[in-house]
Amino acid sequence: TVSTDGKMCSWSLDMLSNPQESMELQHKQSKAVAVTCMSFPPNDVNNFVVGSEEMAVYTGCRHGSKAGINEIFEGHQGPVTSIDCHPATGQVDFSHLFLTSSFDWTVKLWSVKHQ
């Protein structure tokens, strides 16, 4: 789960009283990212993309040397309301693509390959 307080939690269905892991999502050691939505690429539990109240989209990792927020994508003029990664089935690899929507009445297509 994620929240606008910038906290990301991983839970176990066996114990929902406390998260198994938690992480503070910050971009370049500044204030917490006010996350409004999150998506994981298909078959990937480590990498993720999140939308924020600050009109930005971020990529991140849950584990490893790059744990936390890594890249920022700017382009919306309002808070990001939804985000979804491409399901990536078929002969052509579209797994690097994701869509966002915003209060600015736009839907944008992004790529983690080319920024």
Checking side-chain contact (heavy atoms from CB on, under 4.5 Å) for the pair Val35/Leu25: CA distance, chi angles, key distance, verdict?
CA-CA 9 Å; Val35 177; Leu25 299 178; 3.8 Å; yes
Check: Leu109 and Leu97 side chains under 4.5 Å, non-hydrogen atoms
yes
Pairs involving residues 75-87, ordered by first then second residue, that meet side-chain hydrogen bond (donor to acceptor under 3.5 Å, both in side chains) (sequence neighbours left out):
His76-Thr100, His76-Asp104, His76-Thr106, Thr81-Ser101
Quick one: which residue pairs count as a side-chain hydrogen bond (donor to acceptor under 3.5 Å, both in side chains) with a foot in residues 40-50, not counting sequence neighbours?
Asp44-Asn47
Could you pull out the closest heavy-atom pair between [X] and [Y], with the gap in Å?
X: Ile69; Y: Gln26; value: CB-O, 3.4 Å
X: Trp11; Y: Thr1; value: NE1-OG1, 2.9 Å
X: Cys85; Y: Ser39; value: N-OG, 3.2 Å

Of all pairs that satisfy salt bridge (charged side-chain N to carboxylate O under 4.0 Å, His left out), the ones with a partner from residues 49-68, not counting sequence neighbours:
Glu21-Arg62
Could you note down all residue pairs passing salt bridge (charged side-chain N to carboxylate O under 4.0 Å, His left out) where residues 3-14 supplies at least one of them, sequence neighbours left out?
none
Members other than Met55 in its cluster, when Ile, Leu, Val, Met, Phe, Trp, Tyr link by side-chain heavy atoms under 4.5 Å?
none
Nonpolar side-chain network containing Trp105, other nodes, edges under 4.5 Å
none
In short, ring-ring contact (aromatic ring centres under 6.0 Å, His included) pairs touching residues 35-63 with sequence neighbours left out are His27-Tyr58
Sequence neighbours left out, what passes side chain to side chain donor-acceptor pair (under 3.5 Å) with Asp93? Give chain and number order.
Ser95
Donor-acceptor contact below 3.5 Å, side chain Thr59 vs main chain Asn70
no
Going by the rule side-chain contact (heavy atoms from CB on, under 4.5 Å), which residues pair with Cys37 if we only count those two or more places apart in sequence or in a different chain?
Val80, Ile83
Going by the rule side-chain contact (heavy atoms from CB on, under 4.5 Å), which residues pair with Pro87 if we only count those two or more places apart in sequence or in a different chain?
none
For the SG atom of Cys9 and the CE atom of Met23, what is their distance to the nearest 0.5 Å?
10.5 Å
Distance (rounded to the nearest 0.5 Å) between Gln20 CD and Ser10 OG
7.0 Å
Quick one: salt bridge (Lys or Arg N to Asp or Glu O under 4.0 Å) partners of Glu24, sequence neighbours excluded?
none
Common cluster, Phe94/Leu99, ILVMFWY with side-chain heavy-atom separation under 4.5 Å
yes
